[in-house]
Amino acid sequence: MKQSYFPQEIEKKWQKIWEESGAFKTPDTSDKPKYYALSMFPYPSGKLHMGHVRNYTITDVIARFKKAQGYNVLHPMGWDSFGLPAENAAMKHGADPETWTDENIAYMTKQLKMLGLSYDWDREVTTCKPDYYKWTQWLFLQLYKKGLAYKKEAAVNWCEQCGTVLANEQVIDGKCWRCDSVVEKKYLSQWFLKITDYADVLLEDLDKLSGWGDNVKTMQANWIGKSHGAILKFKVVEKDLEIPVYTTRPDTVYGITYLVVAPEYKDIEALTSPEQKSAVEAYRANARKMTEIERLSTDRVKTGVALGTHAINPFTGEKFPLWTADYALAEYGTGAVMAVPAHDTRDFDFAKKYNLPVKVVIQNPESPSDCKQEAYIDPGVLINSGEFNGINNEDAKKLITEKAVKEGFGEFKTQYRLRDWLISRQRYWGAPIPVVYCDKCGIVPVDEKDLPVLLPKDVDFSVVGKSPITTSKTFAQTTCPHCGGPARRETDTMDTFMCSSWYYLRYSDAKNSEKPFDRNLVNKWLPVDQYVGGIEHAILHLLYSRFFTKALRDLGLLDFDEPFKNLLTQGMVLKDGSKMSKSKGNTVDPDEIFENYGADTARLFILSDSPPARDFDWSDAGVEGCYKFLNRVWRLVASNAENISLNFELPLSLKKENDDLVRLVHIAIKGITNDISNDFQFNTVISKYRELTNSIYDWQGKKSVMDDEDKAVLSFAIVSLLKLMSPVAVHLTEEAWHELGGKTSIHSEPWLKWDENLAKASSITLVVQVNGKVKDKLEVDEGLSEAELKQTAMESPKIKELIAGHDIVKVIVVPKKLVNIVIK
RNA sequence: GCUCCAGUGGCGGAAUCGGUAGACGCGUUGGACUUAAAAUCCAAUCGGGUGAAUAGCCCGGUGCCAGUUCAAGUCUGGCCUGGAGCACCA
C-alpha cells in the first residue's frame, strides 16, 4: 500500500470501476424496504457551484447511509433544463438553446461523477427532451379537461427585460425573480392553473408535514393567506348599483364614514358623478402609469379622489361618500373597501389627509380612546352601534354578519390571498402549450395521440420584442383537431415550474413511453422520503409540487397527496460572510478543489463546519484542515497495512472486550449512527471521525509492542473507522478497504451495530455539587446504588470540608451521574 | 407592522431527558524533529482574582431583565439585536 495519499489517482480509479460495474443501479423490485432520497435537480447553467456541491453531498451521504442500513435506495438525478438563460445565451452567441443546454449538461454530469455521487443514471430525467415534455403537455391536457387549466384576460406581471409574463410567486419586491428588473402590469389573455381550488387543502395539509421545518410551513401558510370575514353590500344613492365589500371587521360597520374603490374597479365609471369625471379620470391615468413598487410602497402618502356619489349604510341608514384610492387593490376581495378610520390605520391616515369624519365604535372600557391621534385597533366593546352596544367586538363580528345575512345585504366569506398560477410564457425555450385556436371551434386542445407538440427548429433567435417561436414559418399554422379547418397554434410555452412540478414522479419510471409513469411504480417509490434543497424554493417549487400531487391524485393518477415526506432546507454557502456570487468575485470553483484536494476532501469539508440547515462559511484553511485529516487517516491505514494481515468480515469478533479502544469504537458507532439519524448532523459526525482517529493514534502510541490480540483490536478499530467514514470519504475508504484485503465494496457492507454495554466508558465520573455548583469529580464504579453514591460523595475530603458546620437541607442523587448537596 | 428562525471563546460550532458549558476543528502561541523549510508530532489557548509559578485554589461567565427549580445555554414571561419571509390583503 502506498504510504502517501493520492486522491486524484484513487478517485478516478474507483469512479470508473463503479460506473462499469453498475454499482448504483436501483432495482424496482427488492425484498428490502424502499427509501427515496432526492436533491432538487439543477438548472444546467454551465458549471456546478458550491451550493450544488453541498446539496448533492448531503443527499448522497443520506442515500449511502440508508443503503448500508438495508434499504433499497432510489437516488436519481436530472435537469431542469428549460428556461430563459439558454435562450439568452442563444441570442447572444447565435447558437441554439438546445446545443447550449446539452453542452452544459455534459459538463455538469462529468463534475457530478467527479464528486463520487451515487446516482442511478439510468433514471436521468431532462425536462427539455421531447420524451419528457410530451408528458408535461399531456398533464396539462388532463388539467384542462378537469377545468384546472383555463385562459382569461387579466392584469398580469410583465417583465420587459425578459419579454414575458411572470407568476405572482416570481415577483419579488415588485421585481423579476430572475433579472431583478421592475415588473409592470399588463392586460393580457393568458393561461392559468386553478391552484386556488386547492388553497384550503394546501393550507390544511401543512399539518401533515411533520418532517418539514416550521419556517417553510409558515411561509406557505402566509402565502396562501386565509382570512375569515364577511361580504357586505352597500346601495348607491345616485345610481341603481350595489357595492359589495370584503371585510374582516364587520364589528366596525357602525363606524363607516366613507367607502373606497380601487382605481381599476369595474363599475368606477358608472359610479362617478359628472362633476368629478375629469378628476377621477386623471387620477386613474396616473395610477396606471405608476409601477407596482411605487404604488405598493407603504411609506407613500395615501392619495385619492372623491367620486362625487354616495352609498347607504344599511345598519344606520347613514349616507357616506364614495372615493377611489390606490390603496384599495383591485385583485383582492371585491376591489372595494369600507373605511372605518377610527379602527384601521390606513383609513385613519386617509381620513386625516382629506378631512373625513372619524367615528369611534369600539372602546377599551378601561382606557377609552377618542381616536384623534391614531386608530384604535385592539379588542374592545362596541359603542355607538345601536343594538350591538356593550357587546365584545369578537362576538359582534358574528352577530353583525348574521344580521346582514338575515336582512339580505351580506354573507360570511373566507378569503385567500393566493392567486391562480399564471403559466403562459412568451418565450421559445419551454414546453409548448398544446392547444390550437380555431375560428369556428375556439380553443381546442391538441389530441393526445399527436403529442408531443415539438418546438420548431426554424426560428430566428435574433429577434427583439417578441418570442422567437413566432418567427417559425411552420409552427403556428395548423389544422383544427375538431373540425379540420385552418387553425393557429398557441405560441406561448409553459412556465418551467410546470416541468419541475412532477419530475420527482418521473424518476420512478423514467423510460416509460406509454405514460408519464406507471401507477404501481409511482405508488411504490413515492412519496420522497427525504428531499433536500435550498430555502429559496419554499413557496415556488414546493407549493406548485404539492398542488400538482393533489391534482394528479384527484385525476386518479396516483394514490398519495403529499410528494415530500421530509424536507431538509440546506443553508447557503458563504465566503467571507456573504453569499458566493460572480458579481462579488467570491466564488470558489469546485473543479479547482477536486484537482488540488480531491472530491473526498470537498465532501468532507462541505459537511464539516455547520449543520446542514445553517449557512456555511467557506474557508480555505478549513479545506486544508480536512485534507490533512484525510492524510492522517490514510497514514493510519498505510502504516498498519503490512503489520496486520487480515481477512476480515464485519462485524469482527471481539476478544478484548475490556480494551478501551474497543469501547471507543462502540461509542463512535453509536454516536455517529444517532447523529445521522437525528436530523443529519453531519458536522458532529465528522468531529466524531476525528475523535476516533485521535483515539486510535493515542492507543497505538501507548503500545510499544503489539501482540496478536492488540493487532485484532487495532484492525477492528481501523476497519470500523473506514466503514463509518465510507458515506463521506467514498473513494479513500474504498481504496483502503481493498488494500487491507477486502474483496467486496466497502459501500455494500452493512452499517455497523454497537453493543450497548460497550458503548460507554468503563468507569463513570461522579459529579459532586454543593448548592448546584460543581465542587468535585470522583471516579466511581458503575454499579453503585444511590445510597452508596451519596456516601461516596459525602466522604470526599473536599466536600467534607465544604459542608462542615452547615445544615444539610437535602441531597439529590442522579444515578450514574451526579450528587447535589444542598446546605444552609 | 405581522410571521418564522437565530444569538454560546478570536472564529465555525458542541452540549439526547434541565444535571461537568466550550467537544471537534480553524486560528494563535510555545516546543520537538530538520542545516533550513515544508510535512508531521507534542503542549497551551473563556475572563478575572490570588500565587514566584505556564502548580494549586477561588470567583464570574451561554444577548438583557425577571421567574420556576436542589440544579437553567436548555423551561416560562418580558425586552434587545441580527437574519429570513410576507406586507396598503381591508
Side-chain angles (χ1 to χ4, degrees), chain A residues 4 172-173 213-223 225-227 229 245-249 252 259-260 262 295-300 302 325-329 331-340 343-347 349-350 377 415-419 535-536 538-539 571-572 574 605 608-611 613-626 628-629 631-632 635 671 674-675 678 681 683-694 697 701 765-777 798 809-814 816-823:
Chain A
S4 299
I172 315 289
D173 289 334
D214 283 339
N215 52 346
V216 177
K217 286 194 276 187
T218 42
M219 276 162 75
Q220 293 211 354
N222 289 343
W223 189 261
K226 185 179 187 174
S227 72
V245 150
Y246 173 72
T247 181
T248 53
R249 296 297 305 274
T252 64
L259 189 152
V260 177
R295 213 180 129 169
L296 295 181
S297 160
T298 45
D299 342 302
R300 205 175 112 245
K302 294 181 183 23
D326 59 14
Y327 81 89
L329 304 175
E331 314 93 68
Y332 185 75
T334 64
V337 184
M338 63 179 228
V340 183
H343 306 294
D344 181 282
T345 44
R346 293 153 305 179
D347 297 345
D349 294 345
F350 193 80
I377 54 172
Q415 182 73 36
Y416 299 91
R417 293 180 34 208
L418 183 69
R419 312 289 157 83
I535 186 77
E536 66 274 15
I539 293 172
M572 286 186 299
L574 313 176
F605 177 56
S608 66
D609 267 8
S610 298
R614 245 192 265 183
D615 286 350
F616 177 89
D617 211 336
W618 183 275
S619 83
D620 296 335
V623 184
E624 197 70 43
C626 286
K628 284 182 187 172
F629 171 65
N631 272 285
R632 193 165 146 81
R635 281 197 306 275
N674 288 344
D675 283 356
N678 177 24
Q681 296 176 49
N683 55 327
T684 55
V685 168
I686 286 159
S687 56
K688 284 171 179 131
Y689 293 163
R690 292 178 187 273
E691 281 173 357
L692 183 57
T693 307
N694 292 344
Y697 270 109
T765 307
L766 181 72
V767 174
V768 186
Q769 299 181 327
V770 175
N771 288 346
K773 299 218 193 282
V774 179
K775 295 294 173 186
D776 204 3
K777 292 169 196 179
K798 267 192 208 165
V809 181
K810 204 179 196 180
V811 178
I812 284 114
V813 181
V814 182
K816 297 181 189 179
K817 229 176 208 168
L818 169 144
V819 173
N820 187 12
I821 302 160
V822 187
I823 59 171

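Naming: A, B, ... by sequence-line order, numbering from 1 per chain. Keep in mind that what you see is a predicted model, and the values were worked out from it rather than measured.
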Protein N or O to nucleotides 17-22 of chain B N or O, pairs below 3.5 Å:
from: B:G19; atom 1: N2; to: A:Q769; atom 2: OE1; distance (Å): 3.2
from: B:G19; atom 1: N2; to: A:N820; atom 2: ND2; distance (Å): 3.4
from: B:U20; atom 1: O2; to: A:K777; atom 2: NZ; distance (Å): 2.7

Using a 4.0 Å heavy-atom cut-off, does A:K775 contact any base of the nucleic acid, only the sugar-phosphate backbone, or nothing at all? sugar-phosphate
Starting at CG of A:N674 and ending at P of B:U16, how long is that distance when rounded to a whole Å? 11 Å
Mind checking salt bridge (charged side-chain N to carboxylate O under 4.0 Å, His left out) for A:K798 and listing every partner two or more places apart, or none if nothing turns up? A:D776
In short, A:R249 meets A:I377 closest at the heavy-atom pair NH1-O, 4.0 Å
In Å, rounded to the nearest 0.5 Å, how long is the span from CH2 of A:W223 to OG1 of A:T218? 14.0 Å
Can you tell me, in whole Å, how much space there is between the C1' of B:U20 and that of B:C41? 30 Å
Under the side-chain hydrogen bond (donor to acceptor under 3.5 Å, both in side chains) test, residues paired with A:Q220 that sit two or more places apart: A:R546
Closest non-hydrogen atom pair between A:M338 and A:V245, with its separation: N-CG1, 3.5 Å
Whole-Å distance separating the CZ atom of A:R417 from the C1' atom of B:C86: 6 Å
I need the CZ-C1' distance between A:F629 and B:A39, as an integer number of Å. 18 Å
Do the side-chain N or O atoms of A:Y689 get closer than 4.0 angstrom to the phosphate oxygens (OP1, OP2) of B:C24? no
OP1 or OP2 of B:A23 sitting under 4.0 Å from any side-chain N/O of A:Q681? no
List for me each residue that meets side-chain hydrogen bond (donor to acceptor under 3.5 Å, both in side chains) alongside A:T765, sequence neighbours excluded, and say none if there are none. A:E779
Whole-Å gap separating C1' (B:A90) and CG (A:D349): 14 Å
Across the strands shown, which category fits A:N694 at heavy-atom distances under 4.0 angstrom: base, sugar-phosphate, nothing? sugar-phosphate
Syn/anti state for B:G7 [syn: chi within 90° of 0]: anti
Between B:G22 and B:G9, how far apart are the C1' atoms? Round to whole Å, please. 7 Å
Represent RNA chain B in dot-bracket notation, 5' to 3'. Only Watson-Crick or G-U wobble pairs with both distances under 3.5 Å count; pseudoknot-style crossings use [ ] and interstrand partners use |. (((((((..(((......[....)))((((((.......))))))(((((.....)))))..(((((..]....))))))))))))....
A:N694 versus A:R632, side-chain donor and acceptor atoms under 3.5 Å: yes
Which heavy-atom pair separates A:D615 from A:S610 by the least distance, and what is that distance? O-OG, 3.2 Å
B:G9: syn or anti, per glycosidic angle within 90° of 0: syn
Please state whether the base of B:C88 and the side chain of A:K302 form at least one donor-acceptor pair under 3.5 Å? yes
By nearest-heavy-atom nucleotide on RNA chain B, the more 5' of A:Q415 and A:E691 is A:E691
Considering non-hydrogen atoms only, spot the tightest contact between A:G229 and A:Y246 and give its length. N-OH, 3.5 Å
Rounded off to whole Å, could you give me the CZ-to-C1' distance for the A:F605 and B:C24 pair? 14 Å
Whole-Å P distance, B:C42 and B:C26: 12 Å
d(CG, A:L574; C1', B:G83) in whole Å: 11 Å
Quick one, give me the B/S/- string for nucleotides 1-13 of chain B, reading 5' to 3', where B means a protein heavy atom under 4.0 Å from the base and S means that only happens at the primed atoms, P, OP1 or OP2. --SS-------SS
Which residues satisfy the side-chain contact (heavy atoms from CB on, under 4.5 Å) test with A:D349, sequence neighbours excluded? A:K302
Just jot down the side-chain contact (heavy atoms from CB on, under 4.5 Å) partners of A:K810, sequence neighbours excluded, or say none. A:I812, A:V822
Residues which pass side-chain hydrogen bond (donor to acceptor under 3.5 Å, both in side chains) with A:N215, listed by chain and number, not counting sequence neighbours: none
Toward the 5' end of RNA chain B, which comes first, A:N678 or A:T248, by nearest nucleotide? A:N678
Suppose you measure atom P in B:G18 against the same atom in B:A71; what distance do you get, rounded to whole Å? 16 Å
Considering residues at least two apart in sequence or located in another chain, which fulfil the side-chain contact (heavy atoms from CB on, under 4.5 Å) criterion with A:D620? A:K575, A:W618
Considering only the C1' atoms, how many Å lie between B:G49 and B:G61, rounded to the nearest integer? 14 Å
Mind checking the P distance from B:U68 to B:G82? Whole angstroms is fine. 32 Å
Please list, chain by chain and in numerical order, all residues satisfying side-chain contact (heavy atoms from CB on, under 4.5 Å) with A:E536, sequence neighbours excluded. none
Same-atom distance (P) from B:C58 to B:U76, integer angstrom: 34 Å
Yes or no on ring pair (Phe, Tyr, Trp, His ring centres under 6.0 Å) for A:F629 and A:F605, after CA distance, side-chain angles and deciding distance? CA-CA 10 Å; A:F629 171 65; A:F605 177 56; over 10 Å; no
In whole angstroms, how far is the C1' atom of B:C88 from the CZ atom of A:F350? 12 Å
Inter-nucleotide P distance (B:G47, B:G10), Å rounded: 7 Å
Quick check against the 3.5 Å criterion: does A:D675 have a side-chain atom that pairs as donor or acceptor with the backbone of A:Q681? no
Could you check how far CD1 of A:I539 sits from C1' of B:A84, rounded to whole Å? 11 Å
Heavy atoms only, 4.0 Å cut-off, all strands: where does A:S619 land among base, sugar-phosphate and nothing? nothing
Apply the syn/anti split at 90° from 0 to B:C86 and say which one it is. anti
Between protein and nucleic acid, restricted to nucleotides 40-42 of chain B and to nitrogen or oxygen atoms under 3.5 Å apart, what atom pairs and distances do you find?
from: B:U40; atom 1: O3'; to: A:R635; atom 2: NH2; distance (Å): 3.3
from: B:C41; atom 1: OP1; to: A:R632; atom 2: NH1; distance (Å): 2.4

